[in-house]
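Naming convention: chains lettered A, B, ... in sequence-line order (proteins, then strands); numbering from 1 in each chain.
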Protein chains: 2
Amino acid sequence: MTTTVLVCDDSPAVRESFRKSLSTLSEIERVTAAGSGEEVLARYPLERPDVVLLDVQMPGMGGVEAAKRLVSSHPDATIVMLTMGEDVDGVSEAIEDGARGYMAKNVSVEELASTMTLVLASNAELPGQRGEINRPGGRPPVLTEREQQVLDGMSRGRSNAEIGRELFLSEDTVKTHARRLFRKLGASDRAQAVAFGFRWSFLR
Amino acid sequence: MTTTVLVCDDSPAVRESFRKSLSTLSEIERVTAAGSGEEVLARYPLERPDVVLLDVQMPGMGGVEAAKRLVSSHPDATIVMLTMGEDVDGVSEAIEDGARGYMAKNVSVEELASTMTLVLASNAELPGQRGEINRPGGRPPVLTEREQQVLDGMSRGRSNAEIGRELFLSEDTVKTHARRLFRKLGASDRAQAVAFGFRWSFLR
DNA sequence: CCTAAAGTCACCCGATCGAGTGACCGATAT
DNA sequence: ATATCGGTCACTCGATCGGGTGACTTTAGG
């Protein structure tokens with residue numbers, strides 16, 4: 001399954017503890033560790049772990065803030081909060097912001113295993129394969145020929161004017177198709193449109 | 001193999017003739033037809049045929065000009081020029097511009113078959129799989145962590161300022177990483193950078 | 001029959017981008 | 001010992017982008 005986990009806690013002891021426990025689980029392929037919320041935000045896009053275990057209380061950016069920012073930049077991130085026990089308020093806030101669950105730091109290996117299984121199972125409700133996960137929700141949008149041609153031009157680094165020249169259209173017309181394309185894909189700019197184009201297999 | 005061919009000739013009779021002949025070849029999956037150079041340029045990005053058969057002499061945009069424009073926008077296109085026999089000058093010009101070969105319009109089915117086999121075989125010298133073909137030449141560039149993070153942000157539709165906020169960097173710093181990223185990928189803007197990101201598997 | 005969708009083109013406007021340049025720092029390589 | 005590379009930040013400038021709006025036409029659908 002190549003399941004990877006990113007553990008974040010300011011205490012090296014806790015990180016090592018989780019790393020060791022997680023390594024004993026057969027479904028976990030790789031475990032990496034971070035010591036701060038900032039580090040999590042920096043590493044997430046590089047490692048793209050399947051699950052992030054995030055301590056609630058940390059110096060600097062707390063786990064709740066880190067969860068919030070992580071969710072806003074990566075809505076598909078799977079986050080499980082770690083708590084010592086008494087910060088119920090922070091946990092519930094993080095869960096409202098998108099964390100999938102919580103767990104006490106002093107869990108047994110058995111509890112850890114069942115929690116991870118549960119979280120990964122709920123992941124399995126999603127399309128499943130990596131690459132499917134990044135797809136925006138809902139059914140694939142239907143693009144017109146023009147929209148596909150414009151998207152294709154964008155992916156080749158062409159400006160709207162250049163695309164117009166290639167397709168024998170005015171730049172303004174290209175912009176109209178581009179605007180409709182963005183709406184259909186839910187993209188905010190051409191870079192994101194190209195990304196969605198690949199994820200929906202409009203581009204190769 | 002799902003090999004597809006796009007035939008372009010201003011004469012419907014010639015188009016139909018090639019369509020029929022090509023259909024008898026087992027390695028050809030699908031044949032589509034166009035009646036002008038403009039149509040070829042418009043349809044290519046939509047159909048992405050494996051081979052384009054292009055008549056040299058056509059009203060409006062000639063086959064040579066069409067080949068030139070097609071190659072400039074799609075360097076990986078495989079083009080075979082079709083000639084009645086006397087336009088050697090145009091054929092050689094098209095070949096210099098990127099066409100893979102030429103063929104007389106009155107070829108027998110056997111000659112057609114051997115030419116297609118040859119062209120498809122020389123295609124096989126390339127990486128092979130669709131999706132590999134679109135990769136820029138050379139070895140995959142080595143991106144730094146920052147460059148990957150910036151690329152990731154771009155694929156999510158973030159502006160440079162937003163990426164800066166996510167990574168705790170100034171917008172100017174993000175722009176510097178973006179510029180270096182473009183250089184390494186050979187991209188002219190963020191949309192193309194994202195496209196290359198997917199093709200090099202930096203993005204998913 | 002009329003509406004909706006797609007295609008075409010135009011004008012305005014503020015935000016963003018990308019190029020170019022220069023600079024300082026630390027680590028690594030030569 | 002010095003050069004290179006990656007990371008950081010700043011400033012300028014012209015080009016491009018994306019939003020908003022409106023309008024005309026054709027085709028398809030209800």
Q. With sequence neighbours excluded, what pairs up with B/Arg43 under the side chain to side chain contact (heavy atoms under 4.5 Å, CB included) test?
A. B/Thr32, B/Ala34, B/Glu39, B/Glu47

Q | For DNA chain D, the residues among residues 166-176 of chain B that have a non-hydrogen atom under 4.0 Å from it | A | B/Leu169, B/Ser170, B/Asp172, B/Thr173, B/Thr176

Q. Roughly how far, to the nearest 0.5 Å, is CG of B/Leu167 from CZ of B/Arg146?
A. 5.5 Å

Q: With sequence neighbours left out, write down each residue that passes salt bridge (charged side-chain N to carboxylate O under 4.0 Å, His left out) with B/Lys20, or none if nothing qualifies.
A: none

Q: Keeping to residues at least two apart or across chains, list the salt bridge (Lys or Arg N to Asp or Glu O under 4.0 Å) pairs with something in residues 176-187 of chain A.
A: A/Glu147-A/Lys184

Q) Between B/Glu145 and B/Asp189, which has a closest nucleotide on DNA chain D that is more 5'? A) B/Glu145

Q.
In whole Å, I'd like the distance from the CE atom of B/Met154 to the C1' atom of C/dT16.
A. 12 Å

Q) Just checking B/Arg179: base, sugar-phosphate only, or nothing, at a heavy-atom cut-off of under 4.0 Å? A) base

Q) OP1, OP2 of C/dA15 versus side-chain N and O of B/Ser159: anything below 4.0 Å? A) no

(Q) In whole Å, I'd like the distance from the CZ atom of A/Arg183 to the C1' atom of D/dT21. (A) 12 Å

(Q) What is the separation between atom NE2 on A/His177 and atom P on C/dA5, rounded to the nearest whole Å? (A) 16 Å

Q.
Output the rounded distance in Å from CG (B/Asn160) to P (D/dG18).
A. 13 Å

**Q.** Spacing between B/Arg190 atom CZ and C/dA15 atom P, to the nearest angstrom
**A.** 17 Å

(Q) Which residues pass the salt bridge (charged side-chain N to carboxylate O under 4.0 Å, His left out) test with B/Glu16, not counting sequence neighbours? (A) B/Arg19

Q) Who are the side chain to side chain contact (heavy atoms under 4.5 Å, CB included) partners of B/Ala66, not counting sequence neighbours? A) B/Leu54, B/Met61

Q | Non-neighbouring partners of B/Ser188 that pass side-chain hydrogen bond (donor to acceptor under 3.5 Å, both in side chains), sequence neighbours left out | A | B/Gln192

Q: Let me know which of A/Lys105, A/Met81, A/Arg15 forms a side-chain contact (heavy atoms from CB on, under 4.5 Å) with A/Asp55.
A: A/Lys105

Q: For A/Arg158, enumerate each residue passing the side chain to side chain contact (heavy atoms under 4.5 Å, CB included) test, keeping only those at least two apart in sequence or located in another chain.
A: A/Arg156, A/Glu162, A/Ile163, A/Glu166, B/Ser73

Q: Estimate the overall bend of the helix from C/dT3-D/dA28 to C/dT30-D/dA1 from the end axes over five pairs each, rounded to 10 degrees.
A: 60°

Q: Mind checking A/Arg180 for me? I need base, sugar-phosphate or nothing, with any heavy atom below 4.0 Å counting as a touch.
A: base

Q: Could you state the atom-to-atom distance from CD of A/Glu162 to C1' of C/dG18 in whole Å?
A: 14 Å

Q. In whole angstroms, how far is the C1' atom of C/dC17 from the CD atom of B/Gln192?
A. 15 Å

